[in-house]
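If you read the sequence from its start, that first residue is 1, and numbering goes on from there.
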Amino acid sequence: MKHHAVIFALALSLCLALGLSAPVRAQEQGILHIEAAAGEPPVLTVEINDQPVRLLLAPDAPRFILLNPGVAERLGLRANPLLSLGVRLDIQGDVSRGRTGRASVTLPDGERFRQRVVWMEDIAFSDEADGVIGVTALGALDRLIVQIEDPDRAPDVAMTHVRLSGDRGLEWTFQAAQSGLPLELRLSFSRPSSLDADTRIAFESRGLIAPADEELRYASFWFLDRALAFEHANLGFDVEGLGPNRFLRFAQAEDIAAHEARLEYERANGPIETITVRSTTRRSPDAPYGLSLGVDVLMACWRIEFDFATEGAFLRCPLRDEAS
């Protein structure tokens, strides 16, 4: 298996425009409960082609099942040659080709549907399970409820009840607003809370986050073992009492070069008082700013519910000050 120690620049291009239909709804009142222990990501056990498979639950994954290559081989999956031409994983120019096909999936309650499965020849998507399943791949359900159990949790902490409006497309994203900025939220049980480059610029200019710490840090999620990232303290971001203490911003090569050049200059000449940073991309004035509420936020919650009918989510979590 290829395990990547990389500077983060991930573009997962599952170009499967031919046949992206969601599973057919077969049960009007289908509700699936998943229990997760504190500190452990939620795992869903299903049957694929009548064989048991353990999958990490990933709200921020695309609408597929992403399998480790050995598991795909064990299940005897057959790839569709035409659709497989559009499956590739690009990690900072290191491109891996993949395969895709459709398989029969059986949920714990016996619900069956067919879903697209993707696997790469040399990349394991998860070391903790047989693969990853995007929450949007479970569209045969009405509701998915994740309950996080923690025996050490104080029963009387102040809670926030957050309802998020969403858009269940290839991925499931949610809408919010902060300081007049439209936001596109992603939820993740694997990655730390993070923000996009344009979001960092907008948040810093409004005093919502602090400038990045001098030292970069490594973070990991899914199959990325050591992704370099900047870290920003949260100074004011809050969604109805819900927010991380810190945000990561995953770094690309040019980001790290500029950061190192600045540190070298300041060591020789003293601190730079003002730095003006402009986005290198052209964006529509009403385009939302992207960020993820990650494992540091979600795994402190008690209950997270995904409603497939309304495309929204409901979170019951400790208030930020209580969770700190």
Quick one: pull up CG in L298 and CG in L293 and give me the separation to the nearest 0.5 Å. 6.5 Å
Given L66 and M120, is the side-chain contact (heavy atoms from CB on, under 4.5 Å) satisfied, shown in steps? CA-CA 9 Å; L66 310 173; M120 317 299 291; over 6 Å; no
Within the 3.5 Å criterion, strictly below it, is a donor on R186 or S292 matched to an acceptor on the partner's side chain? yes
Heavy-atom donor-acceptor pair, R316 side chain to M159 backbone, under 3.5 Å: no
Would you say the side chains of S193 and D296 form a donor-acceptor pair under 3.5 Å? yes
Taking all non-hydrogen atoms of both residues, which atom of P288 and which atom of L183 are closest, and how far apart? CB-C, 3.9 Å
Are the side chain of Q178 and the backbone N or O of D238 linked by a donor-acceptor pair below 3.5 Å? yes
Closest heavy-atom pair, F189 versus L57, reported as atoms and distance to 0.1 Å, is CD1-O, 3.4 Å
Between D213 and R246, is there a side-chain heavy-atom distance shorter than 4.5 Å? yes
So do I133 and L56 actually touch side chain to side chain, heavy atoms under 4.5 Å? no
Has R163 got more than 12 heavy atoms of other residues, nucleotides or ligands less than 6.0 Å from its CZ? no
Quick check on R153: does its CZ atom have over 12 non-hydrogen neighbours (other residues, nucleotides or ligands) under 6.0 Å away? yes
Contact check, side chains of R74 and V53, non-hydrogen atoms, under 4.5 Å: yes
Is R99 salt-bridged to E121, cutoff N-O under 4.0 Å? yes
Sub-4.5 Å side-chain heavy-atom contact between R191 and F250: yes
Show, in sequence, the C-alpha distance, side-chain angles and deciding distance for V105 and N49, and conclude whether the side-chain contact (heavy atoms from CB on, under 4.5 Å) test is met. CA-CA 7 Å; V105 181; N49 292 350; over 6 Å; no
Apply side-chain contact (heavy atoms from CB on, under 4.5 Å) to residues L291 and L185 and explain how you reach the verdict. CA-CA 5 Å; L291 63 112; L185 302 179; 3.5 Å; yes
Are L32 and W172 co-members of a hydrophobic cluster defined by side-chain heavy atoms under 4.5 Å apart? yes
What is the minimum heavy-atom distance between R63 and Q115, and which atoms define it? O-OE1, 3.6 Å
Min side-chain heavy-atom separation I31-H33 under 4.5 Å: yes
Could you tell me which non-hydrogen atom of W302 sits nearest to which non-hydrogen atom of V157, and how far apart they are? CZ2-CG2, 4.1 Å
dist E184:CD -> F174:CZ (nearest 0.5 Å) comes out at 10.5 Å
Once you round to the nearest 0.5 Å, how far does CD of E171 lie from CG of L187? 11.5 Å
Spell out, yes or no, whether L77 and V71 are grouped together once hydrophobic residues are joined by side-chain heavy atoms under 4.5 Å, including indirect joins. yes
Can you check whether L107 reaches L141 side chain to side chain, under 4.5 Å on heavy atoms? yes
Of E47, R114, R112, which meets side-chain hydrogen bond (donor to acceptor under 3.5 Å, both in side chains) against S104? R112
Determine, stepwise, if the pair I65 / W119 fulfils side-chain contact (heavy atoms from CB on, under 4.5 Å). CA-CA 8 Å; I65 295 173; W119 64 98; over 6 Å; no
Can you check whether G290's main-chain N or O pairs, donor with acceptor, with T199's side chain at less than 3.5 Å? yes
Whether S84 side chain and A79 backbone form a donor-acceptor pair below 3.5 Å: no
Tell me if a side-chain donor or acceptor on D150 pairs with a main-chain N or O of G39 at a distance below 3.5 Å. no
Check whether any side-chain N or O of T160 sits under 3.5 Å from a backbone N or O of E240 as a donor-acceptor pair, and report yes or no. yes
Quick check on E73: does its CD atom have over 12 non-hydrogen neighbours (other residues, nucleotides or ligands) under 6.0 Å away? no
Between P182 and A287, which heavy-atom pair has the shortest distance, and what is it? CG-O, 3.9 Å
Could you pull out the closest heavy-atom pair between P42 and A36, with the gap in Å? CA-CB, 3.9 Å
Return yes if some donor-acceptor pair links the side-chain N/O of S126 with the main-chain N/O of E128 below 3.5 Å, else return no. yes
State, yes or no, whether a side-chain contact exists between I34 and L144 at a heavy-atom distance under 4.5 Å. yes
Nearest-0.5 Å distance, CG of residue L195 to CD1 of residue I201: 10.5 Å
Determine all donor-acceptor pairs shorter than 3.5 Å in which one atom belongs to a side chain in residues 305-313; sequence neighbours excluded.
unit_1	atom_1	unit_2	atom_2	d
E305	OE1	R303	NH2	3.2
E305	OE2	R143	NH1	3.1
D307	OD1	A309	N	2.9
D307	OD1	T310	N	3.1
T310	OG1	G312	N	3.4
E311	OE1	R168	N	3.4

Below 4.5 Å, heavy atoms only, C-beta onward: do L55 and L67 meet side chain to side chain? yes
Kindly compute the distance separating OG1 (T106) from CD1 (I48), expressed to the nearest 0.5 Å. 9.5 Å
Please check this pair: side chain of N234 against backbone of I209, looking for a donor-acceptor N/O pair closer than 3.5 Å. no
So that I can tick it off, tell me whether R97 and D122 are bridged by a salt bridge, with the cut-off set at under 4.0 angstrom between side-chain N and carboxylate O. no
Do D196 and R249 meet the salt-bridge criterion of a basic N to acidic O distance under 4.0 Å? no
CD (E35) and CD1 (I145) are apart, to the nearest 0.5 Å, by 11.0 Å
Aromatic rings F247 and F237: how do their planes relate, parallel, tilted or perpendicular, breaks at 30° and 60°? perpendicular
